[in-house]
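Just so you know, ligand 1 is whichever comes first in the structure, and atom 1 is the first atom listed for that ligand.
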Amino acid sequence: METNLENKRVLITGAAGFLGSHLCDKFIEQGCEVIGMDNLITGELKNIEHLFGLEKFTFYHHDVTKFVHVPGRVDYILHFASPASPIDYLKIPIQTLKVGSLGTHNLLGLAKEKKARILIASTSEVYGDPLVHPQNESYYGNVNTIGPRGVYDEAKRFQESITMAYHRFHGLETRIVRIFNTYGPRMRLNDGRVIPAFMGQALRGEDLTVFGDGLQTRSFCYVDDQIDGIFRLLLSDYSLPVNIGNPDEISILDFAEEIIKLTGTEQKIVFKPLPKDDPLQRQPDITKAKEILGWDVKTQRVEGMRKTFEYFKGLTEEELFKKEHKDFSKHNKR
Ligand code: UDP
């Protein structure tokens with residue numbers, strides 16, 4: 001594994017998002033020159049504003065579904081631009097499809113032009129509502145193409161296909177990470193995902209909303225572990241998809257109880273309807289990541305949730321009580 005990344009030029013799309021911003025930090029730490037790109041539909045500049053003064057960081061406010069131009073050399077591209085929560089991609093379904101398809105195509109074209117290695121952020125959603133448990137990389141998935149989640153799931157499936165086509169047809173160096181539920185500081189409070197939702201509710205003194213009967217399961221991975229996995233994959237020579245996630249599975253109802261304990265809230269659990277096509281169970285099989293990348297989980301849920309809660313506690317009152325999501329309406333007209 002190549003380890004000296006000093007002065008490599010790295011393009012990170014979705015740089016102002018949750019994972020993108022942590023990746024910017026990681027590559028800056030490695031001595032790289034980082035070019036962050038984001039159209040700021042779901043990303044937030046506050047996630048990367050600490051990098052703006054650095055000579056080795058440049059930010060482009062750009063939508064990757066339009067032609068992407070980066071002057072000079074590019075060694076690595078990490079494509080992390082995409083809405084990634086059910087609430088977001090329900091509000092901006094067309095943009096979600098475009099960033100996974102047209103955006104990926106543009107970045108693969110850029111990678112080819114620059115002779116760069118490209119890593120694509122895929123997702124456990126390619127497995128849909130899985131009939132195989134835990135999910136390993138050879139499972140083809142159970143996805144409803146026309147359901148509300150289809151815009152995300154199918155964009156990501158197309159993204160994997162076109163990436164493999166560029167690899168096989170053009171000999172491009174490609175990497176595909178299938179990211180399972182990941183959490184940590186800088187998640188957007190109001191993106192609708194379960195962890196910010198529960199933590200926000202606890203902090204505002206609201207009841208915790210469990211969807212359905214809460215018996216559906218998820219397996220939550222702390223962001224530092226996820227970033228370490230992605231980093232190792234980028235530097236490996238493995239071009240087929242690799243799952244990165246924490247196999248420690250829990251039902252959403254048990255998880256809500258854990259959050260009540262952690263936060264000390266006196267609120268109770270209330271049940272709300274289960275969103276359509278909400279997967280019943282999800283747990284990554286991480287055998288491949290262990291064997292090929294020498295990667296493993298380091299942060300257990302108790303510790304990761306504690307760190308994440310510290311982050312949410314640090315939000316201002318205004319941030320905590322700002323209920324509306326961003327105004328996405330104009331982005332769907334294109
Ligand atoms: N969920 C919930 N209450 C909430 C938000 C989410 O019970 O306020 C459930 C959701 O139905 C799903 C799980 O928590 O079963 C994880 O949802 P999330 O949106 O975080 O991610 P997903 O894995 O479904 O993409």
Side-chain angles (χ1 to χ4, degrees), residues 17-19 42 82-93 96 100 121-130 133-135 141-144 147-157 178-184 186-223 226 243-260 262-263 265 267-284 301 304-305 308-309 312 320 323 325:
F18 167 48
L19 290 179
T42 57
S82 177
S85 84
I87 292 258
D88 285 350
Y89 46 77
L90 287 177
K91 290 194 170 193
I92 37 175
T96 304
S122 188
T123 166
S124 55
E125 286 282 326
V126 299
Y127 302 123
D129 192 2
H133 193 75
Q135 294 80 55
N142 177 37
V143 171
N144 177 3
R149 285 177 180 251
V151 296
Y152 184 64
D153 302 4
E154 289 304 327
K156 291 294 185 181
R157 290 168 67 98
R178 290 188 179 151
I179 299 170
F180 282 66
N181 294 67
T182 299
Y183 68 96
R186 302 187 193 152
M187 289 189 97
R188 217 172 76 228
L189 181 72
N190 59 8
D191 78 355
R193 279 184 283 188
V194 69
I195 292 170
F198 284 174
M199 290 198 175
Q201 287 160 349
L203 287 167
R204 289 188 299 264
E206 297 169 0
D207 291 336
L208 271 61
T209 52
V210 166
F211 296 164
D213 55 13
L215 298 184
Q216 72 273 28
T217 66
R218 293 296 185 273
S219 309
F220 299 112
C221 178
Y222 189 62
V223 62
Q226 184 62 248
N243 289 340
I244 301 284
N246 183 341
D248 186 5
E249 185 179 353
I250 185 169
S251 77
I252 296 301
L253 189 56
D254 288 346
F255 180 58
E257 299 284 0
E258 274 191 12
I259 295 289
I260 288 177
L262 167 76
T263 60
T265 176
Q267 301 302 128
K268 56 181 192 316
I269 290 170
V270 292
F271 293 90
K272 298 265 165 144
L274 188 69
K276 184 161 168 46
D277 295 336
D278 197 290
L280 192 60
Q281 52 180 7
R282 187 181 287 153
Q283 185 200 121
R301 197 170 54 244
M305 289 298 163
T308 307
F309 188 50
F312 283 116
L320 193 59
K323 279 270 178 115
H325 300 283

Go through ligand 1 atom by atom and flag the ones less than 4.0 Å from a non-hydrogen atom of [X].
X: Gly192; value: 5 (C)
X: Ala197; value: 8 (O)
X: Val210; value: 7 (O)
X: Glu125; value: 25 (O)

Polar contact flag, side-chain donor to acceptor under 3.5 angstrom, Thr217-Gln283: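 Their side chains do not contain a donor-acceptor pair, so the 3.5 Å distance test is not met.
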Ligand 1 versus [X], non-hydrogen atoms closer than 4.0 Å: side chain, backbone, both, neither?
X: Asn181; value: side chain
X: Arg149; value: side chain
X: Arg193; value: both
X: Asp278; value: side chain
X: Ile252; value: side chain
X: Lys272; value: neither

Could you find the nearest protein heavy atom to [atom] and give me its residue, atom name and distance?
atom: atom 18 (P) of ligand 1; result: Val194 N, 3.8 Å
atom: atom 1 (N) of ligand 1; result: Phe211 CD1, 3.4 Å
atom: atom 3 (N) of ligand 1; result: Thr209 O, 2.6 Å

Can you tell which of Phe198, Tyr222, Phe18 makes a ring pair (Phe, Tyr, Trp, His ring centres under 6.0 Å) with Tyr183?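 Of the listed residues Phe198, Tyr222, Phe18, the ring pair (Phe, Tyr, Trp, His ring centres under 6.0 Å) partner of Tyr183 is Tyr222.
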Side chain of [X], backbone of [Y]: donor and acceptor closer than 3.5 Å?
X: Gln201; Y: Thr209; result: yes
X: Gln267; Y: Leu208; result: no
X: Asp129; Y: Leu280; result: yes
X: Asn243; Y: Gln135; result: yes
X: Ser219; Y: Arg282; result: yes
X: Arg149; Y: Asn144; result: no

State plainly whether the residues Asp278 and Arg218 are in salt-bridge range, i.e. N to O under 4.0 Å.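 Yes, Asp278 and Arg218 are salt-bridged.
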Nearest heavy-atom pair of Gly192 and Ala197: which atoms, and what distance?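 Heavy atoms only, the tightest pair is O-CB, 4.5 Å.
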Heavy-atom closest contact (Val210 atom, Ile252 atom, distance):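 Minimum heavy-atom separation between Val210 and Ile252: CG1-CG2, 4.3 Å.
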Do [X] and ligand 1 have an N or O pair less than 3.5 Å apart?
X: Ile195; value: no
X: Gln201; value: no
X: Leu274; value: no

Does ligand 1 have any atom sitting under 4.0 Å from a heavy atom of Pro86?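 Judged by the 4.0 Å heavy-atom criterion, Pro86 does count as contacting ligand 1.
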